[in-house]
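In what follows, every heavy atom counts, from backbone to side chain, and hydrogens, waters and symmetry copies are set aside. Quick note on labels: first sequence line is chain A, next is B, and so on, each numbered from 1. Just so you know, these numbers come straight off a predicted model, no measurement behind them.
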2 protein chains.
Amino acid sequence: MTQKQKLPLDRILKGDCIELMNSLPENSVDMIFADPPYNMQLSGELRRPDDSFVDAVTDHWDQFDSFEAYDTFTRAWLAAAKRVLKDNGTLWVIGSYHNIFRVGASLQDLGYWILNDVIWRKTNPMPNFRGTRFTNAHETLIWCSKGPEARNLTFNYDALKVMNDDVQMRSDWHLPICSGGERLKVEGEKAHTTQKPESLLYRILTAASNPGDVILDPFFGTGTTGAVARKLGRHFIGLEREEKYISVALERIRKVRQLPADDLEFTRSKRQEPRIPFGSVVERGLLSAGQILFDSRKRYKAKVRADGSLVASDVTGSIHKVGAQLQGASSCNGWTFWHFDAEGKSVAIDVLRQQVRAEMN
Amino acid sequence: MTQKQKLPLDRILKGDCIELMNSLPENSVDMIFADPPYNMQLSGELRRPDDSFVDAVTDHWDQFDSFEAYDTFTRAWLAAAKRVLKDNGTLWVIGSYHNIFRVGASLQDLGYWILNDVIWRKTNPMPNFRGTRFTNAHETLIWCSKGPEARNLTFNYDALKVMNDDVQMRSDWHLPICSGGERLKVEGEKAHTTQKPESLLYRILTAASNPGDVILDPFFGTGTTGAVARKLGRHFIGLEREEKYISVALERIRKVRQLPADDLEFTRSKRQEPRIPFGSVVERGLLSAGQILFDSRKRYKAKVRADGSLVASDVTGSIHKVGAQLQGASSCNGWTFWHFDAEGKSVAIDVLRQQVRAEMN
DNA sequence: TCCGGCATTGAATCCGGGT
DNA sequence: AACCCGGATTCAATGCCGG
């Protein structure tokens with residue numbers, strides 16, 4: 001039984017998220033999305049980690065107490081989340097100015113490493129009715145890894161670039177709030193006060209997870225994370241205390257159909273493709289020893305040797321190293337730098353690599 | 001000698017900002033803008049895809065040994081800032097994800113009250129050259145008062161609305177970075193690695209200060225705050241440790257001309273306009289006692305009394321209170337709720353208030 | 001004088017696998 | 001753990017130069 005099979009995949013667990021996370025195996029989930037309580041000032045109430053109420057705030061000490069209580073709660077769930085997250089996994093947290101600064105500082109204190117803060121710009125925020133502030137038109141997300149040394153994080157850079165008209169995706173996202181038919185209702189009332197739009201989760205899961213990955217949401221609510229995960233062919237684990245949210249979420253997710261596998265395919269990065277040594281191009285006879293290569297502007301040239309190294313005037317080495325040295329650059333991608341003559345046309349040797357890759361499939 | 005006259009207006013003080021702030025009189029400045037070190041933690045060098053070198057911020061003043069050291073520094077200057085700030089003054093801090101969460105949490109711990117977080121969306125940010133993150137395309141500003149009880153804060157709501165094509169100004173601002181002719185140079189090199197654009201300060205000062213106000217900047221650098229303050233007819237006090245920045249700032253500000261007073265007149269927020277009691281409308285004869293007022297749909301009516309109160313069936317009180325009680329609402333803006341008959345047409349009494357205001361100028 | 005092309009630059013926590 | 005090395009990776013604005 002693999003680690004993944006031990007997980008309660010695609011289920012909602014009822015209870016306290018800290019206890020539930022501690023009951024899951026460590027280093028087991030690929031990504032966490034968390035939409036924790038935003039804090040007291042708005043709701044007028046704050047619960048301690050043991051679920052007791054903090055008394056009304058009437059003086060400075062009480063106020064300090066309540067921030068402290070919120071911090072204690074925050075650090076507890078962040079620590080539990082770090083334990084269940086894989087070493088190459090990432091965590092997303094969303095919040096507003098009421099709580100996000102405390103969450104961010106706690107993250108850093110616990111050793112998490114911030115990768116980006118992302119701004120969700122609302123296309124249709126609620127105006128400031130009294131004209132005393134700027135329209136509160138955004139919320140903040142923090143995206144982080146388990147530490148500065150974490151490697152092999154999932155970030156589908158090229159998929160997002162394509163989504164964004166072939167320009168690198170920025171840290172500010174312009175998306176509508178959850179309303180209309182998407183907004184879940186129970187007897188005419190909204191089922192959850194802070195339901196997030198599916199478009200937001202769609203972008204997060206596309207960016208930072210792959211099909212088949214396990215996504216944990218410790219504040220599951222009415223299950224936006226689960227619905228989008230299912231649609232995108234990811235597994236989810238939802239943690240939620242309130243039965244009323246769980247029942248709505250179950251019903252909601254039941255209706256979701258996973259997109260056809262074909263449609264789940266996305267633009268992969270070159271980094272993920274198998275490495276082809278230049279030597280194998282020579283080995284297979286796609287280029288022969290003695291052949292002359294040159295750069296696109298024909299300023300430099302070099303000769304191919306039998307072992308797949310190049311020789312230029314006074315330099316010898318790999319296609320990359322020779323390219324770099326000739327240009328006086330610190331590095332060089334030899335595959336795109338060097339060209340050969342094919343029926344009068346200058347062609348980058350990268351096409352030969354693609355040929356080898358094609359033969360390997 | 002007034003408190004304001006005791007201040008070193010329109011000057012730059014050289015030295016440690018905490019000591020200097022402690023030497024200023026308490027409750028004396030109207031607004032503070034702070035651009036503290038971000039405590040960026042860089043490792044190694046970064047090159048663009050074209051192999052050119054990225055000249056990053058490696059200044060000694062941005063280096064701290066630990067988060068704890070940074071927090072200690074942050075709390076110290078925030079506490080000193082709170083002392084010199086007037087009780088109705090506000091503080092702005094700018095930062096990136098490296099430091100802003102720590103700053104925000106410290107602010108809250110010290111009793112500051114966050115009014116908004118504002119996102120500066122850069123039109124032309126530096127891209128992520130390695131394709132490993134989202135473009136870091138924004139910075140975060142926190143705007144806060146000295147506490148939740150602070151009153152009479154300066155917020156020029158209508159000026160910003162006009163600036164924003166008559167739509168309420170949002171919490172996300174789209175502005176270019178400082179470049180081109182605006183970027184200060186010394187012998188061809190940038191004078192300061194983190195010079196902020198004047199447009200950013202322009203908007204901040206327009207929003208949260210008035211002509212004649214005193215603006216303190218404890219991390220003055222090359223003086224963007226001072227230059228914009230002077231242009232907009234505000235006073236500045238700059239604190240700066242490094243002589244090399246001070247000399248550049250002095251020269252820069254010397255060249256700035258204040259805008260003509262006429263151009264400084266902006267649409268003043270209604271909130272700040274002199275309050276007009278309904279009684280003065282009666283007093284001036286714009287309405288006379290005994291006159292009948294009604295709401296736009298003529299469901300309710302009330303009679304004006306000599307003292308400016310209204311009488312309805314069984315309610316007596318201000319135009320606001322009577323309007324609210326008749327509707328069974330908790331509040332009501334009497335100025336727009338109540339109408340009178342002017343030559344057969346129904347007109348809101350607010351036009352009378354505007355008439356009074358016009359006469360007062 | 002204008003236009004097109006090329007170079008420069010900006011608060012950056014910017015790779016991964018193998019030896 | 002430190003080093004080595006293959007090879008993947010950029011957007012908007014400004015300014016300079018040549019035609």
Side-chain angles (χ1 to χ4, degrees), chain A residues 88 108 112-117 143-145 147-153 155 157-158 161 164-171 269-279 308 317-324 329-338 349-350 353, chain B residues 35-59 61-64 67 94-100 120 122-140 176-183 185 188-190 192-197 219 221:
Chain A
N88 69 337
Q108 292 179 310
Y112 280 102
W113 190 246
I114 299 179
L115 302 167
N116 275 116
D117 58 338
W143 179 42
C144 55
S145 67
E149 268 71 51
R151 291 289 176 267
N152 299 319
L153 311 178
F155 180 54
Y157 175 81
D158 293 272
K161 190 170 174 178
N164 196 38
D165 285 344
D166 288 326
V167 182
Q168 187 173 94
M169 184 72 79
R170 294 167 46 113
S171 58
S269 299
K270 281 189 190 171
R271 279 195 190 97
Q272 295 170 327
E273 293 183 41
R275 229 173 62 84
I276 307 292
F278 180 64
S318 71
I319 54 172
H320 314 294
K321 207 168 211 173
V322 172
S330 63
S331 68
C332 168
N333 183 342
W335 291 107
T336 51
F337 179 76
W338 293 111
I349 59 174
D350 200 39
R353 178 168 63 161
Chain B
D35 183 9
Y38 287 8
N39 186 29
M40 297 204 301
Q41 294 148 48
L42 307 179
S43 60
E45 64 169 35
L46 179 64
R47 286 171 181 276
R48 299 184 181 82
D50 65 3
D51 203 46
S52 63
F53 179 74
V54 175
D55 185 19
V57 175
T58 53
D59 305 82
W61 46 255
D62 200 46
Q63 311 296 320
F64 291 81
F67 281 135
I94 186 168
S96 66
Y97 67 84
H98 310 85
N99 71 322
I100 198 66
W120 170 27
K122 303 180 183 184
T123 56
N124 48 350
M126 180 160 48
N128 180 285
F129 297 118
R130 305 298 292 266
T132 57
R133 310 278 173 94
F134 301 99
T135 314
N136 202 340
H138 72 275
E139 294 189 21
T140 301
I177 61 175
C178 177
S179 68
E182 190 187 333
R183 188 91 196 192
K185 304 270 172 109
E189 302 278 298
K190 52 187 171 192
H192 196 288
T193 49
T194 70
Q195 187 184 342
K196 294 294 176 290
F219 306 97

> So, A:Asn116 side chain and A:Ser171 main chain: donor-acceptor pair closer than 3.5 Å or not?
no
> Look at all strands and tell whether B:Asp51 reaches a base, only sugar-phosphate, or nothing, counting heavy atoms closer than 4.0 Å.
nothing
> Please report the distance, rounded to the nearest Å, between CZ in A:Phe337 and P in D:dT9.
18 Å
> Just say parallel, tilted or perpendicular for the rings of A:Trp143 and A:Phe155, cut-offs at 30° and 60°.
tilted
> Applying side-chain hydrogen bond (donor to acceptor under 3.5 Å, both in side chains), run through B:Asp51 and A:Ser330 and close with a yes or a no.
CA-CA 7 Å; B:Asp51 203 46; A:Ser330 63; 2.6 Å; yes
> In whole Å, what is the span from the CD1 atom of A:Ile114 to the P atom of C:dA11?
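The answer, rounded to whole Å, is 20 Å.
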> Can you identify which nucleotide, out of C:dG16, C:dT9, C:dA11, has its nearest atom closest to the B:Asp50 side chain?
C:dT9
> Of all the choices, C:dA12, C:dA11, D:dA12, which nucleotide is nearest to the side chain of B:Val54 once you look at every atom?
C:dA12
> In whole Å, what is the span from the CD1 atom of A:Ile319 to the C1' atom of D:dA8?
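Computing the A:Ile319:CD1 to D:dA8:C1' distance gives 13 Å.
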> In dot-bracket form, 5' to 3', how is DNA chain D paired? Count Watson-Crick and G-U wobble pairs only if both distances fall under 3.5 Å, and write | where the partner sits on another strand.
.|||||....|||||||||
> Please determine, for the side chain of A:Arg353, which listed nucleotide (D:dA8, C:dC15, C:dG10) has the closest atom?
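Selected nucleotide (nearest to the side chain): D:dA8.
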> Just how far, in rounded Å, is P of C:dG10 from CZ of B:Phe53?
12 Å
> CZ of B:Phe129 versus C1' of D:dA12: gap in Å, rounded?
11 Å
> Run B:Ser96 and B:His98 through side-chain hydrogen bond (donor to acceptor under 3.5 Å, both in side chains) and show every step you take.
CA-CA 5 Å; B:Ser96 66; B:His98 310 85; 2.6 Å; yes
> Among C:dG17, C:dA11, D:dA8, which is the nearest nucleotide to the side chain of A:Lys270?
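The listed nucleotide nearest to A:Lys270's side chain is D:dA8.
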> Does a distance-only test, which skips hydrogens and angles, find a donor-acceptor pair under 3.5 Å between the side chain of A:Ser331 and the base of D:dA8?
yes
> Nearest to the side chain of A:Ser318, heavy atoms from C-beta on, is which of D:dA12, D:dG6, D:dA13?
D:dG6
> Among the candidates D:dG7, C:dG16, C:dC14, find the nucleotide nearest to the side-chain atoms of A:Arg151.
C:dG16
> Record whether the side chain of B:Arg48 comes under 3.5 Å of the base of C:dG10 through a donor-acceptor pair of N or O atoms.
yes
> Does atom CD of A:Gln272 have more than 12 heavy-atom neighbours, drawn from other residues, nucleotides or ligands, at distances under 6.0 Å?
yes
> Roughly, in whole Å, what's the span from NZ in B:Lys122 to C1' in C:dA12?
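To the nearest whole Å, that distance equals 10 Å.
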> Using whole Å, what does the distance between atom P of nucleotide D:dA12 and atom CD of A:Gln168 come to?
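One finds 10 Å between P of D:dA12 and CD of A:Gln168, rounded.
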> Let me know the distance between NE2 of B:His98 and C1' of C:dA12, rounded to the nearest Å.
6 Å
> Taking the side chain of B:Arg130 as its heavy atoms from C-beta onward, which of D:dA8, D:dC11, C:dG10 lies nearest to it?
D:dA8
> Does any donor-acceptor pair link the side chain of B:Lys196 with the base of C:dA11 at a separation under 3.5 Å?
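Indeed there is one.
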> Knowing that exactly one of B:Asp59, B:Thr58, B:Asp62, B:Asp55 qualifies, which makes a side chain to side chain donor-acceptor pair (under 3.5 Å) with B:Thr193?
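Going through the options one by one, the only one that passes is B:Asp59.
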